[in-house]
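Quick notes on the structure that follows.
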Amino acid sequence: MNPGIGAPELIVLAVLALIVVGPKDLPMLFRRVGRFVGQARQMARDFQRSFDDMGREAEMSELRREIEALKSGNPVAKAKRELDDVKRDLASLEHETIVERKHAAAEKQQYNTIDKKKPDAGVEPAEPSQPTVEPYTKPKRKAAKPTVEE
């Protein structure tokens, strides 16, 4: 793949080198030319590798940015967080309704027992005692599982 240099041109160059340099120094000249060509090829390979490395680094940084953007805008994780919030709200609401029902049942039972003991018409009914209900505690959150990307 020599650009424009064929067999006749190479023969002409060899004859000129033989006449100009001489047969005694010709092997030394070819050795120097060979080393020079080898060094030029090595420099070209290093130059190509450095460009390839820069291209890979640019691609990697772009991929990292895309991955970070996907992590931060993950719709599945966002929906899961919202569902967990709704579950906690429902659990607290359910607890509140259970407590209210227990209070209503206790008051109804107390008033029913007071109505049955009505022989003392002039005596005021006593204050209903508060039923013992444990205070609401939020359910403990499970530890977050590490994701594959981390």
Side-chain angles (χ1 to χ4, degrees), residues 1-14 17 26-150:
M1 289 197 150
N2 296 331
I5 298 177
E9 288 88 4
L10 286 176
I11 293 174
V12 170
L13 286 175
L26 193 60
M28 189 184 307
L29 176 71
F30 283 142
R31 224 177 285 129
R32 286 183 183 167
V33 169
R35 285 183 187 158
F36 176 75
V37 169
Q39 288 176 350
R41 285 184 179 174
Q42 180 65 33
M43 288 173 57
R45 277 190 297 248
D46 289 343
F47 191 69
Q48 183 67 33
R49 282 188 197 132
S50 66
F51 268 107
D52 289 343
D53 289 342
M54 288 189 321
R56 281 190 214 114
E57 288 177 14
E59 288 175 9
M60 290 298 286
S61 65
E62 183 178 328
L63 285 175
R64 283 187 187 115
R65 276 187 262 126
E66 288 178 10
I67 288 171
E68 290 300 320
L70 287 174
K71 280 183 185 178
S72 65
N74 190 352
V76 174
K78 191 175 185 181
K80 186 176 180 183
R81 282 190 300 258
E82 290 175 4
L83 282 175
D84 289 342
D85 291 341
V86 169
K87 284 180 185 178
R88 277 194 300 276
D89 291 343
L90 286 175
S92 66
L93 182 63
E94 182 180 3
H95 179 75
E96 289 173 5
T97 55
I98 290 172
V99 169
E100 288 174 2
R101 286 181 185 168
K102 285 182 180 179
H103 281 295
E107 287 177 7
K108 185 176 180 182
Q109 183 181 7
Q110 186 176 13
Y111 286 128
N112 285 341
T113 56
I114 292 174
D115 287 342
K116 289 179 183 175
K117 297 180 182 178
K118 228 171 187 184
D120 299 331
V123 178
E124 290 284 324
E127 285 283 323
S129 64
Q130 296 292 328
T132 57
V133 177
E134 299 166 9
Y136 173 73
T137 57
K138 289 185 178 180
K140 294 181 181 178
R141 292 182 85 183
K142 293 181 182 177
K145 294 180 183 176
T147 60
V148 176
E149 293 82 21
E150 294 177 4

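The first residue in the sequence is number 1, and the count goes up from there.
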How about CE on M60, more than 12 heavy atoms from neighbouring residues, nucleotides or ligands closer than 6.0 Å, or not? no

CD/E66 to CD/E59 distance, rounded to the nearest 0.5 angstrom? 10.5 Å

Side-chain contact test, heavy atoms from C-beta onward, threshold under 4.5 Å: evaluate it for R81 versus D84 and give yes or no. no

Distance check, rounded to the nearest 0.5 Å: D85 atom CG versus L90 atom CG? 11.0 Å

Side chain to side chain, V37 and R41, heavy atoms closer than 4.5 Å: yes

Return the NZ to OG1 distance between K102 and T97, rounded to the nearest 0.5 Å. 10.5 Å

Is the backbone N or O of G6 less than 3.5 Å from a side-chain atom of E9, with the two atoms forming a donor-acceptor pair by type? yes

What distance do L26 atom CG and R31 atom CZ have between them, rounded to the nearest 0.5 Å? 10.5 Å

Above 12 or not: heavy atoms from other molecules or residues under 6.0 Å from CZ of R45? yes

May I ask you to decide whether R49 forms a salt bridge with D52, counting only side-chain N to carboxylate O separations under 4.0 Å? no

For the CZ atom of R88 and the CG atom of L83, what is their distance to the nearest 0.5 Å? 11.0 Å

Atom NZ in K87, atom NZ in K80: separation rounded to 0.5 Å? 8.5 Å

As a test of understanding, state which of V99, I98, L93 forms a side-chain contact (heavy atoms from CB on, under 4.5 Å) with H95. V99

